[in-house]
A.B. asks: 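Once you've had a glance at the structure underneath, I'll fire off some questions.
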Number of protein chains: 2
Amino acid sequence: MTGHTQRGQCFKRMSILDAAADVFCRQGFAGASIDEIAAVACVSRQTIYNHYREKETLFVAVVEDVMNRANTMLFSMLSTFPENADNLEDDLTAFVVRLNKNCICNHDGKFLRKLVQTEGERYPHLFESWRQHGPGKLTTALSALFARLSHKGALVIDDFDVAARQFVALGNADLQMSVLFGGMPTDEELEKAARNAVRTFLKAYGRPATEKAGVQPQLAAVSG
Amino acid sequence: MTGHTQRGQCFKRMSILDAAADVFCRQGFAGASIDEIAAVACVSRQTIYNHYREKETLFVAVVEDVMNRANTMLFSMLSTFPENADNLEDDLTAFVVRLNKNCICNHDGKFLRKLVQTEGERYPHLFESWRQHGPGKLTTALSALFARLSHKGALVIDDFDVAARQFVALGNADLQMSVLFGGMPTDEELEKAARNAVRTFLKAYGRPATEKAGVQPQLAAVSG
DNA sequence: GTAAAATTAGACGCCATTGTCTAAGTCGTC
DNA sequence: GACGACTTAGACAATGGCGTCTAATTTTAC
């Protein structure tokens, strides 16, 4: 039980999980074969059965693994919120780029969207967990961010939750097709899509403002 | 070869196609079994092989059938565009409700989204066809509509294509979760989601203001 | 070096599914 | 009633995947 053994076991485990994620994502649960997973993982079939009792056990483990990784990444993204309203358009744009690149348009994001959609009805608890810790947490955090920015007078929003969902939707508007395809968008596409999204969002919810320092009268009253 | 025989064949064919759509949608291509399709269709397995050479032939036929129905429905939806700018918010809202109810949140829409995502990489031509005749045609038509409304002075839009994609994205913003789930949203949800979408869209792209009834004070100030 | 643990390749039984085939049955038309 | 087209239930071989087992080999621990 020293470090080496653990590392060796962990290595195989990770190799299996990665390969299984790849194959499950491409073929779906029913279409994926243990033999193919073993081949991709460069591991014998027996080793897989040594770590996971059966195919379904492996599948659940894979989904939970990817979900954990994705949730951790999302959490770290949420800590990069632009709290400063000085340069909101650029800051929000950069945030959307980061979010899309690291959480939504990456391998894990693709895997989760695909698998949740195909196997979600068969594993309701997995789906529910993903919904809460993924999109749920994102919109909650965005909603709180928009509330703070509204109090600062940088935004004019009546319903923060709706605004949060719309913000996410706008951020994906130009990428829906690329992502649905399976092909990841280029950095240029990501940048342009984010810029379009944030501009429209700010046209709708941005301070009607003219001069930078000024704050909406009615909001200034609330801000105390 | 009389009418009756033909009708009988058509009836069986339709029955098979409907059942296959149901089973393929729930189980995916690999997970679906011909026997289950036959059982759902109340037809013997041999009858299926009589109409379709093999499983893949049946699958392609099902997808094409659903796509044709969905495209026809979308085409008829596009003819109900609100060209009159008198009551744009209500008209656009009603249009979004119709679109979501009849094209996106219905059985066919769910089927296509799910199948295109899972089997799209295996059948690129099917996916490409869907992309062109479905979302592609929708955004093209919306783009043209927004151009007309802009020329009338009812909207202020710089990039019609981007606005069209954003319009669609906003229209789905509040329904993403319900739809991803598999459960169809209620009429009330549809109405509220469409209202939220159109309000935000018009805040971003609507004519700065008019002397119409309920206009935001700060927007009225800008209207000059 | 030795023992324990993990891994491997391969064979195996089992079961589900695919696609074919056959013999019987149904339905409508002449 | 006879005929043809279609359907049906069931048997059938072939395939492939799952999960188990074994014996040999490698890796790791001490």
A.B. asks: Nearest to the side chain of Thr47(A) - dT7(C), dT8(D), dT18(C)?
C.D. replies: dT7(C)

A.B. asks: Could you give the CZ-to-C1' distance, from Phe11(A) to dT28(D), as a whole number of Å?
C.D. replies: 16 Å

A.B. asks: Mind checking if Ala32(B) touches a base, just sugar-phosphate, or nothing, with heavy atoms under 4.0 Å?
C.D. replies: sugar-phosphate

A.B. asks: Ignoring hydrogens, what is the shortest heavy-atom contact between Ser143(A) and Ala164(A)? Give both atom names and the distance.
C.D. replies: N-CB, 3.7 Å

A.B. asks: Give the nucleotide from the list dA6(C), dG19(D), dT8(D) with an atom nearest to the side chain of Glu54(A).
C.D. replies: dG19(D)

A.B. asks: Side-chain contact, heavy-atom cut-off 4.5 Å: Leu17(B) with Tyr52(B)?
C.D. replies: yes

A.B. asks: Looking at His51(B), I'd like to know whether one of its side-chain N or O atoms comes within less than 4.0 Å of OP1 or OP2 on dT7(D).
C.D. replies: yes

A.B. asks: Between P on dT18(C) and CZ on Phe59(B), what's the gap in Å once rounded to a whole number?
C.D. replies: 14 Å

A.B. asks: Side chain of Arg45(A) only, please: which of dA11(C), dT20(C), dT8(D) is the nearest?
C.D. replies: dA11(C)

A.B. asks: With a cut-off of less than 4.0 Å, is there a side-chain N or O of Asn50(A) near OP1 or OP2 of dT7(C)?
C.D. replies: yes

A.B. asks: On the nucleotide dT28(D), are OP1 or OP2 found under 4.0 Å from the side-chain N or O atoms that Lys12(A) carries?
C.D. replies: no

A.B. asks: Specify the separation, in whole Å, of atom CD1 of Ile48(B) and atom P of dT7(D).
C.D. replies: 11 Å

A.B. asks: Let me know the distance between OH of Tyr52(B) and P of dT20(C), rounded to the nearest Å.
C.D. replies: 16 Å

A.B. asks: Examine Phe146(B) together with Phe160(B) and report whether their ring centres are nearer than 6.0 Å.
C.D. replies: no

A.B. asks: Rounding to a whole Å, what distance do you find between Lys55(B):NZ and dT15(D):P?
C.D. replies: 18 Å

A.B. asks: Expressed as a whole number of angstroms, how long is the span from Arg13(A):CZ to dA6(C):P?
C.D. replies: 11 Å

A.B. asks: Is the gap between the ring centers of Phe59(B) and Tyr123(B) under 6.0 Å?
C.D. replies: yes

A.B. asks: Nearest to the side chain of Gln46(A), which nucleotide is it out of dA6(C), dC18(D), dT20(D)?
C.D. replies: dT20(D)

A.B. asks: Rounded to the nearest angstrom, tell me the gap between atom OH in Tyr49(B) and atom P in dC12(D).
C.D. replies: 18 Å

A.B. asks: Give the rounded distance in Å between these two atoms: CD1 of Ile34(B) and P of dT20(C).
C.D. replies: 11 Å

A.B. asks: Identify, between Cys42(B) and Asp35(A), the residue whose nearest nucleotide on DNA chain D lies closer to the 5' end.
C.D. replies: Cys42(B)

A.B. asks: Side chain of Ser33(B) only, please: which of dT8(C), dT17(C), dT8(D) is the nearest?
C.D. replies: dT17(C)

A.B. asks: Quick check: do Asn100(A) and Asn172(A) have side-chain heavy atoms less than 4.5 Å from each other?
C.D. replies: yes

